[in-house]
Amino acid sequence: MLNIYLKVKSLDAENQAEIDTIWAEEAEKRFQAVEHGEVNLIPGEQVLRELRSRSK
C-alpha cells in the first residue's frame with residue numbers, strides 16, 4: 001500500500017515534504033525492527049550471490 005501511495009504522490013512535487021516524512025517514518029520503523037531483532041538480516045554478499053545465480 002505504501003508503495004502505491006508514494007508512486008501516486010511522487011507525481012506531484014508539491015507533496016515532496018509529505019513524501020519525505022513518510023519515508024523517514026518508514027526508515028525509522030525498519031531500523032527499530034532490526035534493533036529489536038524482529039527481522040532476519042541477510043549479508044549483502046549472500047544476496048548478490050543468490051541474484052547472480054538466478055541470472056545464469
Partner set under side chain to side chain donor-acceptor pair (under 3.5 Å) for Asp20, not counting sequence neighbours: Gln16

Who are the side chain to side chain donor-acceptor pair (under 3.5 Å) partners of Glu28, not counting sequence neighbours? Gln32

Among pairs that include at least one residue of residues 42-55, which meet side-chain hydrogen bond (donor to acceptor under 3.5 Å, both in side chains), considering only residues two or more places apart or in two chains? Gln46-Glu50

Other hydrophobic cluster members with Phe31, side-chain heavy atoms of Ile/Leu/Val/Met/Phe/Trp/Tyr under 4.5 Å, chained? none

With the 4.5 Å side-chain cut-off for hydrophobic clustering, are Ile42 and Val39 part of the same group? no

Could you tell me whether Glu25 and Lys29 have a side-chain N and a carboxylate O separated by less than 4.0 Å? no

